[in-house]
Chemist: 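Quick one: this structure, given as structure tokens, is what I'll be asking you about.
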Amino acid sequence: MGLVRELYPTGRAFVIPENGVFDNLHKALNLSFMRLVNDARITIDSTIPDNGNFTAADAELWEYRLGLFVNPPIDLEARKQAIKRKMSYPSNMKARQHPLFIQHQLQQGGFNVFVHENKFYEDGELVYKLPNEIIDLGFEATTHGPPAQHGQGTQHGSSGFEVIANKIGVESYGVGDNNLWATFFIGGENLGEMAAVPENRKKEFRELVLKLKPGHTVAFLFINYS
């Protein structure tokens, strides 16, 4: 308050006695400005998931607004990643259906997976392949029995591989040889390698793939859930 007094002209009209009307007016203005700053900070922090003040309640609200799969058991940082990803790309465009865009979005959502096109050139001709033609046969044998991803209760496509076609949950979807042009692979960094997805995020992962991929395509999964 001493600095404020120095800014006023000298003279009896600008005397500011302690706890007087003029002094209390300044205190009230200071409190109002502090409340404004704090309220603005709280509002901004709850709007953008890039800070430590973004709470689980804020995440739940944004998941509802953005139509995201709600998965409270996962940690708050993973939920914030998913919200930021959706905020960055709120709608769909054809250009966003590129494999690298789908891969980027899955990774931004906290899934360490890679997307590979089902497109190969052999002897100058374009050919498409089934998953069992891609994956190492010895490794395939290990991933089809319990407790890995291809045990009882999972959904399968060509050659018994789990697929994402039309549903979040279990589905039976056959991919004929004539339709392999509309398929792609999700797995490890190198084509045919397995990737890991947490078991408690399986439904969230499948929902995100469904939202990202073109509706007529089918994803073959080289995924282990753990």
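Residue numbers run from 1 in the order of the sequence given. Basis for what follows: all heavy atoms, side chains included, without hydrogens, waters or symmetry-related copies.
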Chemist: Would a single hydrophobic cluster contain both Leu66 and Leu76, if residues Ile, Leu, Val, Met, Phe, Trp and Tyr are joined by side-chain heavy-atom contacts under 4.5 Å?
Modeler: no
Chemist: If only side-chain N and O atoms count, and only distance matters, is there a donor-acceptor pair under 3.5 Å linking Asn51 with Lys80?
Modeler: no
Chemist: Looking only at atom types and distance, does a side-chain atom of Lys86 sit under 3.5 Å from a main-chain N or O of Gly109, one as donor and one as acceptor?
Modeler: no
Chemist: Counting only heavy atoms not in Asn38 (residues, nucleotides, ligands), do more than 12 fall under 6.0 Å from its CG?
Modeler: yes
Chemist: Restricting to non-hydrogen atoms, name the atom on Pro99 and the atom on Glu117 that form the minimum distance, rounded to 0.1 Å.
Modeler: CG-CG, 3.4 Å
Chemist: Apply side-chain contact (heavy atoms from CB on, under 4.5 Å) to Ile134 and Phe222, showing your working.
Modeler: CA-CA 10 Å; Ile134 302 297; Phe222 296 153; 4.0 Å; yes
Chemist: I need the minimum non-hydrogen distance between Gln107 and Val113, along with the two atoms involved.
Modeler: NE2-O, 3.0 Å
Chemist: If you look at every heavy atom in Pro214 and Thr217, which pair is closest and at what distance?
Modeler: O-OG1, 2.7 Å
Chemist: Where the side chain of Asp75 meets the backbone of Glu77, is there a donor-acceptor pair that is under 3.5 Å apart?
Modeler: yes
Chemist: Shared ILVMFWY cluster between Ile48 and Ile83, side chains joined below 4.5 angstrom?
Modeler: no
Chemist: Using side-chain heavy atoms (C-beta onward) and a distance below 4.5 Å, is His104 in contact with Arg85?
Modeler: no
Chemist: Could you tell me whether the side chains of Thr183 and Asn118 share a donor-acceptor contact shorter than 3.5 Å?
Modeler: yes
Chemist: Does Ile44 belong to the same Ile/Leu/Val/Met/Phe/Trp/Tyr cluster as Phe54, with side-chain heavy atoms less than 4.5 Å apart forming each link?
Modeler: no
Chemist: Would you say that Ile164 contacts Val218 through its side chain, given a criterion of any heavy-atom pair below 4.5 Å between the two side chains?
Modeler: no
Chemist: Do NZ/NE/NH1/NH2 and the carboxylate oxygens of Glu162 and Arg206 come within less than 4.0 Å?
Modeler: yes
Chemist: Quick check on the 6.0 Å ring-centre criterion: do Phe205 and Phe111 meet it?
Modeler: yes
Chemist: If you apply the rule side-chain contact (heavy atoms from CB on, under 4.5 Å), what do you find for Phe114 with Leu106, and how did you get there?
Modeler: CA-CA 8 Å; Phe114 295 82; Leu106 289 170; over 6 Å; no
Chemist: So do the side chains of Gln108 and Lys84 get within less than 4.5 Å of each other, counting heavy atoms only?
Modeler: no
Chemist: If you look at every heavy atom in Leu191 and His116, which pair is closest and at what distance?
Modeler: CD1-CB, 3.5 Å
Chemist: Closest approach of Arg201 and Gly110, non-hydrogen atoms and distance?
Modeler: NH1-O, 3.7 Å
Chemist: Counting only heavy atoms from other residues, nucleotides and ligands, does the tally under 6.0 Å from CD of Glu199 exceed 12?
Modeler: yes
Chemist: If you look at every heavy atom in Gln103 and Val115, which pair is closest and at what distance?
Modeler: OE1-N, 3.0 Å
Chemist: Taking it one step at a time, do Val197 and Asn224 satisfy side-chain contact (heavy atoms from CB on, under 4.5 Å)?
Modeler: CA-CA 6 Å; Val197 169; Asn224 278 326; over 6 Å; no
